[in-house]
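Keep in mind that this is a model prediction, so the values were computed, not measured. Whatever order the structure lists ligands and atoms in, that order sets their numbers, starting from 1.
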Amino acid sequence: MNVQISLARREDFADMIRLADLTLPDRMNLHELKKYLELFPDLIYKATDDGRLIGFSCAGIDMYGETGWLLFSNVAPAYQGKGIGKRLIEARLQALRRFPTLKRVLVTVSETNTASIRALASQGFRFSRQELDYYGPGRHRNIMELSLAPVAIVPRPADQPALI
Ligand SMILES: CC(C)(COP(=O)(O)OP(=O)(O)OC[C@H]1O[C@@H](n2cnc3c(N)ncnc32)[C@H](O)[C@@H]1OP(=O)(O)O)[C@@H](O)C(=O)NCCC(=O)NCCS
């Protein structure tokens, strides 16, 4: 196995849609994918094995440059459970962190998607909130968050000896 993670390109569209139809039928369509690539060309990553597409993932960022979103991710069934999903998360986080104003990264998760939740948790994401009726009456969405807010450092009073 020679898995590489790199930026996806327009030439990958057809393979990406074929894979998305296999891993999450009816979730991703060509129009949505094209929009992601137009809006966020440096945030769409693919995983290849000897050049063959075996996964891809999308991210975006809001117009204020403060909130990044992980938008979609998938790995071909034969390659799942080998750490590729986590590598795709890392690649997107690395790209999002280049925005100096970034404060947080959010992702919508299905509570039954254990693989997704575990992969996200391993990168520091925690359950943030549930948005009631987001998809229509009784259809809620769950959001996980990675907060990048700097931890406040409280200075030690000058007269207090340092602990050794
Ligand atoms: C979600 C998905 C992208 C994860 O990719 P992956 O390459 O299989 O994930 P990884 O191998 O990096 O594993 C991530 C974690 O999930 C766990 N995991 C993987 N497959 C699992 C499964 N079938 N059931 C339970 N846990 C699983 C791994 O053990 C790992 O957890 P750990 O760090 O605690 O050991 C992949 O499963 C997938 O394509 N699923 C279908 C599409 C989908 O649901 N996409 C997400 C919503 S857009």
Side-chain angles (χ1 to χ4, degrees), residues 1-62 66-97 99 102 104-136 138-148:
M1 203 166 75
N2 176 25
V3 177
Q4 305 285 335
I5 308 290
S6 58
L7 281 174
R9 295 287 170 225
R10 291 182 72 93
E11 307 80 77
D12 300 311
F13 273 151
D15 287 342
M16 289 163 88
I17 287 296
R18 252 193 305 275
L19 186 61
D21 284 344
L22 194 70
T23 55
L24 266 188
D26 301 326
R27 164 60 186 82
M28 174 64 86
N29 63 55
L30 190 58
H31 181 243
E32 183 179 357
L33 190 55
K34 282 187 172 172
K35 277 286 162 239
Y36 285 167
L37 251 159
E38 282 166 3
L39 288 167
F40 312 116
D42 295 341
L43 297 175
I44 318 293
Y45 284 87
K46 63 180 174 182
T48 54
D49 182 15
D50 279 333
R52 201 166 61 89
L53 187 88
I54 54 152
F56 74 91
S57 63
C58 309
I61 186 159
D62 75 329
E66 294 186 347
T67 302
W69 283 89
L70 302 189
L71 298 169
F72 183 84
S73 180
N74 71 353
V75 172
Y79 287 85
Q80 289 178 10
K82 299 179 193 301
I84 299 167
K86 285 198 246 185
R87 286 176 64 185
L88 287 168
I89 295 174
E90 280 163 15
R92 286 173 291 168
L93 289 180
Q94 211 174 1
L96 284 167
R97 283 180 198 274
F99 290 84
L102 186 74
R104 65 191 75 80
V105 182
L106 303 180
V107 57
T108 299
V109 288
S110 155
E111 57 196 353
T112 57
N113 198 336
T114 312
S116 221
I117 291 170
R118 289 181 69 157
L120 291 161
S122 77
Q123 303 296 318
F125 282 82
R126 298 291 173 258
F127 177 76
S128 165
R129 60 185 177 273
Q130 186 173 61
E131 293 183 354
L132 296 178
D133 302 324
Y134 180 85
Y135 297 109
R139 298 174 62 212
H140 317 315
R141 85 158 167 179
N142 298 314
I143 294 185
M144 289 179 82
E145 173 169 350
L146 176 68
S147 177
L148 303 173

Do the side chains of [Y] and [X] get nearer than 4.5 Å, heavy atoms only?
X      : Y     : answer
Ile17  : Met28 : yes
Leu120 : Leu70 : yes
Leu24  : Asn74 : no

What's the shortest distance from [atom] to any protein heavy atom, and which residue and atom give it?
atom                    : value
atom 8 (O) of ligand 1  : Gly81 N, 2.8 Å
atom 30 (C) of ligand 1 : Lys86 CE, 4.1 Å
atom 14 (C) of ligand 1 : Ala119 CB, 3.5 Å
atom 20 (N) of ligand 1 : Ala115 CB, 3.6 Å
atom 42 (C) of ligand 1 : Leu24 CG, 3.6 Å
atom 11 (O) of ligand 1 : Gly83 N, 2.7 Å
atom 31 (O) of ligand 1 : Arg118 NE, 3.4 Å
atom 40 (N) of ligand 1 : Gln80 NE2, 3.7 Å

Distance filter under 4.0 Å to [X] heavy atoms, resulting ligand 1 atoms:
X     : result
Asn74 : 3 (C), 39 (O)
Gly85 : 5 (O), 6 (P), 7 (O), 9 (O), 12 (O)
Ser73 : 3 (C), 42 (C), 43 (C), 45 (N), 46 (C), 48 (S)

Classify the contact between [X] and ligand 1 as side chain, backbone, both or neither, using a heavy-atom distance cut-off of under 4.0 Å.
X      : result
Val75  : both
Asn113 : side chain
Lys82  : backbone

Does a side-chain N-to-carboxylate-O contact under 4.0 Å join Arg18 and Asp15? yes

Is it true that Arg87 and Glu90 have a side-chain N and a carboxylate O under 4.0 angstrom from each other? no

Can an N or O of Phe72 be found at a distance shorter than 3.5 Å from an N or O of ligand 1?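 It does not: no N or O of Phe72 is found under 3.5 Å from an N or O of ligand 1.
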
Using a cut-off of 6.0 Å, state whether more than 12 heavy atoms not belonging to [X] lie near its atom [atom1].
X      : atom1 : result
Asp133 : CG    : yes
Glu131 : CD    : yes
Arg27  : CZ    : yes
Gln94  : CD    : no

Strictly by modelled atom types, are Thr67 and Arg104 linked by a side-chain donor-acceptor pair under 3.5 Å? yes

Interatomic spacing from OH in Tyr134 to CZ in Arg141 - rounded to 0.5 Å: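 Between Tyr134 OH and Arg141 CZ, I get 3.5 Å after rounding to 0.5 Å.
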
Output yes when a protein non-hydrogen atom is found under 4.0 Å of [atom], and no otherwise.
atom                    : answer
atom 28 (C) of ligand 1 : no
atom 33 (O) of ligand 1 : yes
atom 24 (N) of ligand 1 : no

